[in-house]
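The structure under discussion appears below in the form of C-alpha cells.
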2 protein chains.
Amino acid sequence: MDAPGTPTLDEVARLAGVSRATASRAVNGSSRVSDRAREAVEAAVRSLGYVANPAARSLATRRTDSVAVVVPEPDDRVFSDPFFGRTLTAVNRVLAERDLQLVLLLARPGEEEGRTLRYLRGGHVDGAIVVSHHRSDHLAEHLAGLGLPCAFVGRPILGADRVAWADTDNVAGARLATELLLERGCRRIGHVAGPGDMAVGQDRLAGHLAALAEAGLDRDPGAGPVEHGDFTEASGEAACARLLAAYPDLDGLFVASDLMARGALRALAAAGRSVPDDVAVVGYDDLGADHCTPPLTTVVNPAGDLAERATRLLLARLDDPAAVPEPVLLPPTLVRRASA
Amino acid sequence: MDAPGTPTLDEVARLAGVSRATASRAVNGSSRVSDRAREAVEAAVRSLGYVANPAARSLATRRTDSVAVVVPEPDDRVFSDPFFGRTLTAVNRVLAERDLQLVLLLARPGEEEGRTLRYLRGGHVDGAIVVSHHRSDHLAEHLAGLGLPCAFVGRPILGADRVAWADTDNVAGARLATELLLERGCRRIGHVAGPGDMAVGQDRLAGHLAALAEAGLDRDPGAGPVEHGDFTEASGEAACARLLAAYPDLDGLFVASDLMARGALRALAAAGRSVPDDVAVVGYDDLGADHCTPPLTTVVNPAGDLAERATRLLLARLDDPAAVPEPVLLPPTLVRRASA
DNA sequence: TGGACGTGTGGAAGCGCTTCCATCCGGTCT
DNA sequence: AGACCGGATGGAAGCGCTTCCACACGTCCA
C-alpha cells in the first residue's frame, strides 16, 4: 500500500526538531502548539511530502473518516436511475465539506445483506446512509442494533422510530397527483405503483387511493386498476400494458415514478392512445420528466435536498452520538406540463 | 467507529485457549495451524461475533484490501452515462471475487486532481483503476510516478507505456462505421467527435478521417464537417445542430458515442431530416442504441469486458508488482440496425 | 540412538499514529 | 520574592493486528 519510502510522522518531527507528539498536534491543527513549532512542522511536511497513514490514524482515533452509502439494489439500477445519481451527488457534496470519504455499498445480485452487514460491522466506516431500503433487508433494525450512526433517505418501512430519516410526504404527493387527474375530469384512473415492499411504494399508493375515496370513487382494496412495477422503465412499460389490457377504457394514469412513467408513455403510444387526450398521465419525482414526449406533469421529489438532509442528520449523529434527531418530512409540489 | 464492546483477537485467543499468534493464523486461514486449534478459534469467533479491525490489520499488513476507481468526470455524468454503469458494475464484480472493496473517486467540479491524488498517495487503497482519463489530468504519469499499481480503462493519452490499460481499437471501429456510410452511398459525411483531449475522441476521429481518405474524400485536417462534443446527450444534439447549419447537405453522420447520437437524432428530427433516408447515422458504443428511434446502427464497445480486463490487469499487478502487463486491445464489431 | 528435520505454537516486536500525563518555563499575583 | 498558573512540550502508553523468531515436540532415517 505505501510506496517504499513513505515518510512517517517520526521523520517529520525529527526534521522539524520537535517531538512526535508536537508534530502530531501541529498536523492536526491542535491549538496547543506554538507558532514556531507549527511552522517548523509545516515546512517539514512540505519538504518530505508527508501524508498521514490512515490506518494508523484510524487505529489510534477509532474513527475512519468515511461513510458508507448503502443501496440495496442491483448496480445496474443504481447507475441508470437518475434518482440515485442525484442522491449520491448530494451526499458526496455534503460529506466532502467535512472531508469524509463516501464508500458506495451496493447489494450484489443473489447475495443476502450478509456481506454489506459484515462490512458495516467491521468498523470500516463511521456511519451509514441507506438509500433504497426494502422491507426484507431489515436494515433499520440491524443498524440500530449495531449502534452504527445512520440515516435513511426515505422513511424506513420498519424501525422508522429507531433511526434518523428524511423523506417527502409521499401520501400527500400522490393525493396531489390524483386530485389533478380528477379535476381534469378523469374517472377511470389507473395506477402504476412502486414496489409494495418499500415505504415509498406503499405511501404513493395510499395517497392515490385516499384521493379516489374522497372523490367517491371507492374501490375494494387490492382490486381496481393498480399494477406494481419496480421503478425501472421496463417495469413501467409492462405494468401499463397490463393495465391497458385489463382496463381498456382508462382515461387517467398516475405512475409512481417518472422513470416508470417514461415506460408507460411508450406503452400508451404502442397502444395508440394519445396523451393527454385519451389518457392523462401524472408521474412522480420530476427526474427527466421534461424530456419525455409529451413532457410529463409530475410531483417534485427533491432527491438532492432529501439526500442532503439525511446526510446532515448523520453528521449531527456523528458529532453527538447521544442526539436523537427528528425525522425530516418535506412537502411535495406539483409541476404541470403537457401530459395532464 | 467500533461499537463499545467490539471483541478483539486477544479475547478470541483467550476463549479458544491459544495464543494471539495462533488465533491470527487461524482467522487468516494459514496452513500452519492444527485442526484442533483452528476449530477452537472458529468457535470462539462465532460465539464472540468477532470481526477483525481493518485499521489494525491494514497497519500491520500494509494492505488495505480496497481499490479505487478514479473517474475524472463530474458526478452527474458518471451517474447518467450508461458506459460508467457498465464499467463500474464489471469492476465491482471482479473485485468482489477477491473480496476487495471498490472506492469510487469522482472529481468534484472545480477542483483539480489534487484531492484525488492526495487520497491515492495517502495509502488508502492498494491500487487504482482509471476510467475516463483526459490529457490534462496526467493521471498515468502521476500514478506511475507514485508507484501505485494501476490500470486504465481506455488507453491513456500520455504515458501509455508506463501503465497497464485495456481498450478497444477505436481507430478500426471508426473506420468500420465510416466505411458503412460510404458503402451506403453517403458522400457528404459529418462527424460528431468526442473530446479532443481524450484518446478515445482522437482515435475515433482518426479512424473516420482515414476511411474518408481511403475513399478519396480527403479533406484538410481540421476542416470539414467535424464538431466536438463531450459525450453527453446535450452536447451531441448541439454539435449536430451546428453541423446541419454549416453543412445543410449532409447525407451521413458518424457520432462518436451512442449517447451523443441520441442527441444528434433529436437535432435531426428537429431539422426535419429523416433517418436514414435523408441522413444515415452510425453511433458508437452499443449502449442504449436499440432504444433510439430509429434504432441505431453502431460499433460495439464492450464496456463490461474492457472493465473486466483492466481490473484483471490490476489484480495481476497486485499479485506480482514486478510483472509488466501487456496492454489489451479488443477488436471492434459493427451492429446494423435501422439508422444506417 | 542420535541427529536432522518438519510442524505447531507462543513471545514479542513492530506497523504509525494519537493522547494522557508529567514536566518545564516564563510570567503574574500577592 | 515566592507561590501560582497556564500554555507548550516530550515521554510513553496503547490502538489491534501480523509475523519473525525461537522453541518444543515428535518422526524419520542413518
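Keep in mind that the numbers below use all heavy atoms, side chains included, and drop hydrogens, waters and symmetry copies. Naming convention: chains lettered A, B, ... in sequence-line order (proteins, then strands); numbering from 1 in each chain.
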Sequence-distant partners of [X], side chain to side chain contact (heavy atoms under 4.5 Å, CB included), two or more places apart:
X	result
Arg135(B)	Ile157(B), Leu158(B), Asp197(B), Gln202(B)
Gln101(A)	Ser66(A), Val103(B), Leu105(B), Arg115(B), Tyr119(B)
Glu42(B)	Arg38(B), Arg46(B)
Ala160(B)	Arg155(B), Pro156(B), Trp165(B)

Task: Residues forming a ring pair (Phe, Tyr, Trp, His ring centres under 6.0 Å) with Tyr50(B), sequence neighbours excluded - done: none

Between [atom2] on [N] and [atom1] on [X], what's the gap in Å once rounded to a whole number?
X	N	atom1	atom2	result
Leu59(A)	dC15(C)	CG	P	14 Å
Glu39(B)	dG8(C)	CD	P	14 Å
Arg14(A)	dG10(D)	CZ	C1'	15 Å
Arg38(A)	dT9(D)	CZ	C1'	14 Å

TODO: State the CG-CZ distance between Asp305(B) and Arg309(B), to the nearest 0.5 angstrom.
DONE: 7.5 Å

Open item on the list: What's the separation between atom OG1 in Thr116(B) and atom CZ in Arg121(B), rounded to the nearest 0.5 Å?
Closed with: 13.0 Å

Open item on the list: So Leu306(B) and Thr87(B), do their side chains get closer than 4.5 Å, heavy atoms only?
Closed with: no

TODO: Answer whether the closest heavy-atom distance between the side chains of Leu314(B) and Pro149(B) falls below 4.5 Å.
DONE: yes

- [ ] Compute the bend angle of the helix from dT1(C)-dA30(D) to dT30(C)-dA1(D) from the end axes (five pairs per end), rounded to 10°.
- [x] 40°

Using atom types as modelled, flag every donor-acceptor pair under 3.5 Å from a side chain in residues 318-329 of chain A to any protein atom, sequence neighbours excluded.
{"unit_1": "Asp319(A)", "atom_1": "OD1", "unit_2": "Arg98(A)", "atom_2": "NH2", "d": "2.7"}
{"unit_1": "Asp319(A)", "atom_1": "OD2", "unit_2": "Arg98(A)", "atom_2": "NH2", "d": "3.0"}
{"unit_1": "Asp320(A)", "atom_1": "OD1", "unit_2": "Ala322(A)", "atom_2": "N", "d": "3.0"}

- [ ] Determine the minimum heavy-atom distance between Ala166(A) and Leu313(A), stating which atoms define it.
- [x] N-CD1, 4.4 Å

Open item on the list: For nucleotides 17-23 of chain C, give me one character per nucleotide, 5' to 3': B if any protein heavy atom sits under 4.0 Å from the base, S if the only such contacts are to the sugar-phosphate, - if neither.
Closed with: BBBB---

Open item on the list: I need a per-nucleotide contact map over nucleotides 22-27 of chain D, read 5' to 3'. Cutoff is protein heavy atoms under 4.0 Å; write B for the base, S for backbone only, - otherwise.
Closed with: ------

N/O contacts under 3.5 Å, protein versus nucleotides 24-28 of chain C?
none

TODO: Sequence neighbours left out, what passes salt bridge (Lys or Arg N to Asp or Glu O under 4.0 Å) with Asp10(A)? Give chain and number order.
DONE: Arg20(A)

Open item on the list: With a 4.0 Å limit, can you tell me whether Arg62(B) has a side-chain N or O closer than that to the phosphate oxygens OP1/OP2 of dG16(C)?
Closed with: yes

Open item on the list: Under the rule for side-chain hydrogen bond (donor to acceptor under 3.5 Å, both in side chains), what residues qualify as partners of Ser132(B), not counting sequence neighbours?
Closed with: Glu73(B)

